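Here the structure comes first, spelled out in structure tokens, and everything after it is commentary.
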Amino acid sequence: MLARFRLMARERLRKSRERDRSMERHFEALSRRLWPWRLSLLVWVVVLLAVLDHASTYALLELSGNQQVYESGPLARWALRLGGFEVLLIVDIAAAGMLSFTAVLVRHLYSRRGFAGFGRAAFVLLLVPYTVIALAAIYNNLLLTLL
């Protein structure tokens with residue numbers, strides 16, 4: 001009875017892996033549409049955007065002269081209250097670093113299990129939303145600084 005159960009469980013696991021393998025190429029294709037370049041470049045873009053976000057926040061809050069603007073992000077607002085722009089820079093870099101580390105780790109774990117396509121997709125789907133949000137924040141900060 002136990003041997004039959006094990007055989008049935010192995011067969012279900014094999015079929016599940018086959019289904020996963022058939023879907024893997026679709027996820028990889030999606031990730032290549034979202035980010036067609038090398039993945040290491042995406043990490044550098046995330047770091048660059050974190051620095052630009054910090055610089056544009058500084059420009060808006062300190063250089064614009066507008067006293068009616070404020071930092072709306074709770075983590076950034078906390079960092080500014082705690083220690084000003086120096087602490088905010090550390091928090092921005094740490095947040096981007098942790099997100100990048102998580103993306104690298106998830107990609108590694110998927111690849112180690114033989115699902116490199118899912119690994120690439122997870123990497124891209126973790127970091128591309130950050131880039132979009134950071135670009136929007138930078139644009140908003142610069143626009144409000146110049147107005």
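Positions are given from 1, in the same order as the sequence printed here. If you're wondering where the values come from, they're calculated on a predicted model, not measured in any experiment.
Once rounded to the nearest 0.5 Å, the distance linking CZ of R6 with CZ of R4 reads 15.0 Å. Between L135 atom CG and N140 atom CG the span is 12.5 Å, to the nearest 0.5 Å. The line from OG1 of T145 to CG of L63 is 7.5 Å long, rounded to the nearest 0.5 Å. Rounding to the nearest 0.5 angstrom, the gap separating the CZ atom in F123 from the CG atom in L39 is 5.0 Å. Here the straight-line distance linking atom CG of D92 with atom CG of L52 works out to 11.0 Å at 0.5 Å rounding.
Contacts of W78 classified as side-chain contact (heavy atoms from CB on, under 4.5 Å), with partners at least two apart in sequence or in another chain: L75, L82, V91. With sequence neighbours left out, the side-chain contact (heavy atoms from CB on, under 4.5 Å) criterion links I133 to no other residue. Qualifying salt bridge (charged side-chain N to carboxylate O under 4.0 Å, His left out) partners for E71, counting only residues two or more places apart in sequence or in other chains: none. By the salt bridge (charged side-chain N to carboxylate O under 4.0 Å, His left out) test, R113 is found to be paired with no residue, residues two or more places apart in sequence or in another chain being considered. Partners of F85 according to the side-chain contact (heavy atoms from CB on, under 4.5 Å) rule, which considers only residues two or more places apart in sequence or in another chain, are H54, T57, Y58, L61, E62, L80, L88. With sequence neighbours excluded, the residues that form a side-chain contact (heavy atoms from CB on, under 4.5 Å) with L142 are S56, I138. With sequence neighbours left out, the ring-ring contact (aromatic ring centres under 6.0 Å, His included) criterion links F27 to F118.
Hydrophobic clustering (ILVMFWY, side-chain heavy atoms < 4.5 Å, transitive): M98 and V43 are in distinct clusters. With hydrophobic clusters built from ILVMFWY side chains whose heavy atoms lie under 4.5 angstrom apart, V47 does not share a cluster with Y130. With hydrophobic clusters built from ILVMFWY side chains whose heavy atoms lie under 4.5 angstrom apart, M23 shares a cluster with F115.
Clustering of Ile, Leu, Val, Met, Phe, Trp and Tyr by side-chain heavy atoms under 4.5 Å joins F101 with L105, L109. I93 belongs to a hydrophobic cluster whose other members, connected by ILVMFWY side-chain contacts under 4.5 Å either directly or through intermediates, are V51, L89.
Every pair tested for side-chain hydrogen bond (donor to acceptor under 3.5 Å, both in side chains) that includes a residue from residues 99-112 fails, sequence neighbours excluded, so the list is empty. Listed by first then second residue, pairs satisfying side-chain hydrogen bond (donor to acceptor under 3.5 Å, both in side chains) with a partner in residues 28-49 read E28-R32, S31-R120, R38-S40, not counting sequence neighbours. Listed by first and then second residue, the side-chain hydrogen bond (donor to acceptor under 3.5 Å, both in side chains) pairs that reach into residues 80-90 come to none, sequence neighbours excluded.
Between A122 and V106, the shortest heavy-atom contact is CB-CG1, 3.5 Å. Shown here for L60 and L144, the closest heavy-atom pair between the two residues is CD1-CB, 3.5 Å.
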